[in-house]
Every structure is written in C-alpha cells, then in structure tokens.
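First the structure, in the form of structure tokens, and then the observations on it.
Just so it is clear, the model here is predicted, and its values are computed rather than measured. Order of listing sets the numbers, starting from 1, for every ligand and every atom in it.
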Amino acid sequence: MIVGVVGAGTMGAGIAQLALQAGHEVLLNDLDEAAIARGRDRIASGLDRLVAKGRMDADEAGAALVERLRDAHGLDTLAAEADVVIEAALEDLDLKRTIFRALDSAAPASTLLATNTSALSVTEIASSTQRPERVVGLHFFNPAPVMALIEVVQGELTSAATMQAGLEFSGGLGKTAVTCRDAPGFIVNRVNRPFTLEALRMVDAGQATVESIDSAVEAAGYPMGPFRLMDLVGIDVNLAVARALHEAFDQAPRFRPSPRQEELVAAGRLGRKTGSGFYRYGADGPASGEANHPAGGRGPSGEPLAEADIVERIELAIINEAYRAIGEGVCSPEDADIALKLGAAHPHGPFERAGMLGLRTVVEALARLAASGEMDARERFTVAPALWGMATF
Ligand code: 3HC
C-alpha cells in the first residue's frame, strides 16, 4: 500500500515510521525540502531506536529509508499515487481545509483521506472536499510509534465503508482502534483534560507544586505526571486543545486554560522540543529534574494537599468527564476504558476506576469537592447526569 503523509513534524514522522514498519511505501510531504529532510531525520532516528533494541534488522531499516520512503514535493503528486493519505499538519482549520481541497482535486475516488487533528472537527475539514463520505479522523497519540491507540473518528458524513477502511488500516499498523463520534476532543483529549487542567488549577491555587503533583501521580501508577506529559506533548499543543474545548463547550470553566500555560507559550517555553517548559532539558532530551520557577512554583496562599488528595481529584474529574462523554453518545464505556489505557497509558480506564471506588463513593467525593468553595468548584465537580443516573444510594 502507498501511504501519503502530509506534515513531517513529530506526529507526521511518527506516523510515517509506523507505516514503514508495517511494510507500506510512504510519500512524505511538507512545506519545503528542509522540512521534509528534518522529518526524514526523525524517522531515521525512530528506526535506529528499534535497531538498537534488536527489534528491526539494520539492513531492513536502511532499505525502508532508501527504497520505501520517498519525498513528495507537491500534494497533487502525493494524492495521485497514495492509497491512504494522513494529514498531520499544524492545528489550523484553514490550513487543513486548503490541504484537503488540494488532495480532493488530485486523488482518485478510492483514496482514503484521513486527518490526525487533535481537536478540530473532522466534519468541517471534510466539508472542504467533494467526498466527505471518504474522509475520516485517524487520531494518533504521542509518541506515535509507542502509544498503542488510534481513535477512528466518524465525521457527520463519513460512510460506514470509510470507517471500516480506517479501522482496518489502523489494525494493519499494529494499533488498537476505537471508534468515536466527531465531538470536541474525541475521547482521550476530552476525558483526560482534567489530568492536566486540574493539576494546573492546584498549582495556580497554591495547593501543590509541579514536582509534588508529578511525583504523586507517578506513584499512583501513571507513567508520567501531568507536567512531564505537557512537556512531552508540547505546552502549545496542550494549550491549543484546551482552548478548542473551552470554546466548544461554551467557555465552561472546567476547560479554561491556565494563565501558566499561556505565559510559558508566550515565552517560547514549549516543553522538551524547546529544551524548557515546566522542566529544563539537556541536549540528550531527558528532564534534568530541575523545575523552572516560577512556572514550577506553588502559589503562596493555598493549603497543601496530601498526595492521595491530589490523585483523587484528578481521577474523580476524569471519571466525571467520562460519564459526561458517554451521556452525550461520544463513545461506549468500553472504548473509553481502552482509549485512556492505551492512548494515555493510564493504569485503569475511568469506568474501571469508578467500579473500583464504588459509584456512591465517587458521587459523594465529587459533591464534597463541588461544595469546597474553591474557584469554579461547582462547575468543575458537578456530578455528570449519566453518573447520577447510575449511582444507587
Ligand atoms: N519515540 C519512540 N519510542 C519511544 C519514545 C519516542 N519519542 N519515547 C519512548 N519510547 C520508547 C522507548 O524506547 C521504550 O521502548 P521499549 O519499552 O521497547 O524499550 C518505551 O517507549 C518506554 O520508554 P522509556 O522506558 O524510555 O520511558 P517510559 O517507560 O517513561 O515511557 C512513554 C515513555 C511511553 C512516553 C510513557 O511515559 C508514556 O506512556 N507516557 C504517557 C504518554 C501519553 O499520555 N501520551 C498521550 C499524549 S496526548 C496526545 O498525544 C494527543 C494529542 O492530540 C495531543
């Protein structure tokens, strides 16, 4: 199969690497030759990692790069040849619509057109083409070569055959696919929003520090605390998703971005990719462990929270958001559990976690937090209607 990848940044390169690993030919496109060359370097170092671990033969990796990875300088040539095109360009609706218009005018009718958008509407992107039924969301997670999930997103006009093609293609990349409706943030970016936003609220309120939250969350079985995760994904990317959800949900306070994120982005401290975010990073990538104050600092006023309370409020808010999402028909509870475990590496899915805690305990704890008098607590922790409906007292 020939896979066209539009955008050779972190996600595009990761997706291209996966397609090469699955034995496909890959056409890689970006704005200019230099951007494509940077993408090639990313793919080469990704394959090198596999070779170093003995998961791929060095000759095979070399051959994949030389024989199966080709530069595509124009969208028309890429679209004319590819069986599947995955767009992984910047999160800008106008840009994505321009790309899809170009793909639509050059691609044969059978080509599967996919977008890796994080938080834009698949339906709106698809509506720039004459074939919205053939456009699907294929949402990968960072780092794409590692995270086992793809959200296959059904735009309003995406056909059942296109969904099936998206599911089969995802399976062929060795990923687990879940399906969801084209609703803001899909599953993971919405349900897991409290993972970072509640953490930021606690720092903003002076209840905890960046380091204390990361260490509490990691001790509870999550591979990365919220601040290390934001540094990995990019604080700009995280902020863009938070902003999109805040707008999509009529500026609901629970989705309001934190001024701390805005300040870091304005200062160009975007996380690992710029060497500095909530933490500082050395040339070889890993966190030095040294937090960047004042972004890392705790505000002066709040009562410090215990580790268990830090984790509890993040988990409760995630469970609550998961109930809101299923109440709105975004996905099934089973797919939400799979998505959070594979797309965000959580130790439990939100419904599994709710079952472990007991729904009555969850509802009572949320009600306690909602009545705490903290900023926006009433909206942040109001029990989701679908959860009220299921808890028995
Ligand atoms: N590229 C390729 N492979 C990588 C990698 C990268 N950038 N980073 C780590 N890996 C590999 C390592 O080589 C290692 O492989 P191995 O198990 O075969 O030896 C494996 O991943 C584990 O890595 P490490 O042992 O170095 O470190 P960790 O155990 O801490 O794992 C992690 C790193 C996989 C990133 C893990 O911390 C994790 O799962 N974190 C959560 C990530 C997450 O939640 N991602 C989703 C973000 S949201 C998103 O992307 C949506 C978007 O729309 C915003």
Side-chain angles (χ1 to χ4, degrees), residues 7 9-18 20-21 39 41-56 61 86-91 96 115-122 137-151 153 174-176 178 180 184-197 199 214-215 217-245 257 261 270-273 277 279 281 284-287 289 314 318 338-347 349:
T10 311
M11 292 309 285
I15 294 166
Q17 180 193 325
L18 279 168
L20 288 173
Q21 284 171 233
D41 288 346
R42 290 190 180 99
I43 297 167
S45 51
L47 293 179
D48 278 350
R49 246 179 211 262
L50 295 176
V51 172
K53 285 189 205 131
R55 298 237 179 93
M56 195 176 200
I86 304 170
E87 168 276 316
L90 292 177
E91 283 292 274
K96 287 188 193 278
T115 173
N116 177 51
T117 183
S118 317
L120 297 172
S121 155
V122 173
L138 290 182
H139 184 220
F140 293 74
F141 292 82
N142 189 340
V146 182
M147 306 310 283
L149 184 76
I150 297 179
E151 290 175 340
V153 184
K175 301 289 184 187
T176 298
V178 291
C180 63
F186 313 134
I187 306 175
V188 174
N189 271 336
R190 174 188 178 169
V191 173
N192 203 32
R193 197 66 3 219
F195 190 72
T196 48
L197 284 181
D214 276 353
S215 89
V217 170
E218 286 162 21
Y222 295 78
M224 269 182 183
F227 297 97
R228 257 189 269 285
L229 179 65
M230 282 187 271
D231 277 358
L232 171 79
V233 170
I235 298 169
D236 54 335
V237 173
N238 184 270
L239 176 61
V241 175
R243 278 187 181 144
L245 285 169
Q261 292 170 286
L270 308 182
R272 282 195 198 186
K273 61 188 169 187
Y279 297 91
Y281 297 85
D284 55 348
I314 290 176
I318 289 172
I338 293 170
L340 272 289
K341 285 192 287 186
L342 299 185
H346 285 196

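Residues Asn238 and Gln261 have side chains that bring a donor and an acceptor to within less than 3.5 angstrom of each other.
Shortest non-hydrogen contact noted between Gly39 and Ala13 is O-CB, 3.9 Å. Residues Ser118 and Asn189 share a closest heavy-atom pair of O-ND2, 3.3 Å. Nearest heavy atom pair, residue Met224 against residue Arg272, reads CE-NH2, 3.7 Å.
Contacts of ligand 1 (protein heavy-atom distance under 4.0 Å) are Arg49, Lys53, Arg55, Ser118, His139, Phe141, Asn142, Pro143, Val146, Met147, Asn189, Pro223, Met224, Leu229, Val233, Val237, Gly343, Ala344, Ala345.
Between Tyr222 and Phe195, the angle of the ring planes lies from 30° to 60°, which puts this pair in the tilted group.
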Set out, in order, the CA-CA distance, both residues' side-chain angles and the distance that settles salt bridge (charged side-chain N to carboxylate O under 4.0 Å, His left out) for Lys273 and Asp231, then state yes or no.
CA-CA 8 Å; Lys273 61 188 169 187; Asp231 277 358; over 6 Å; no
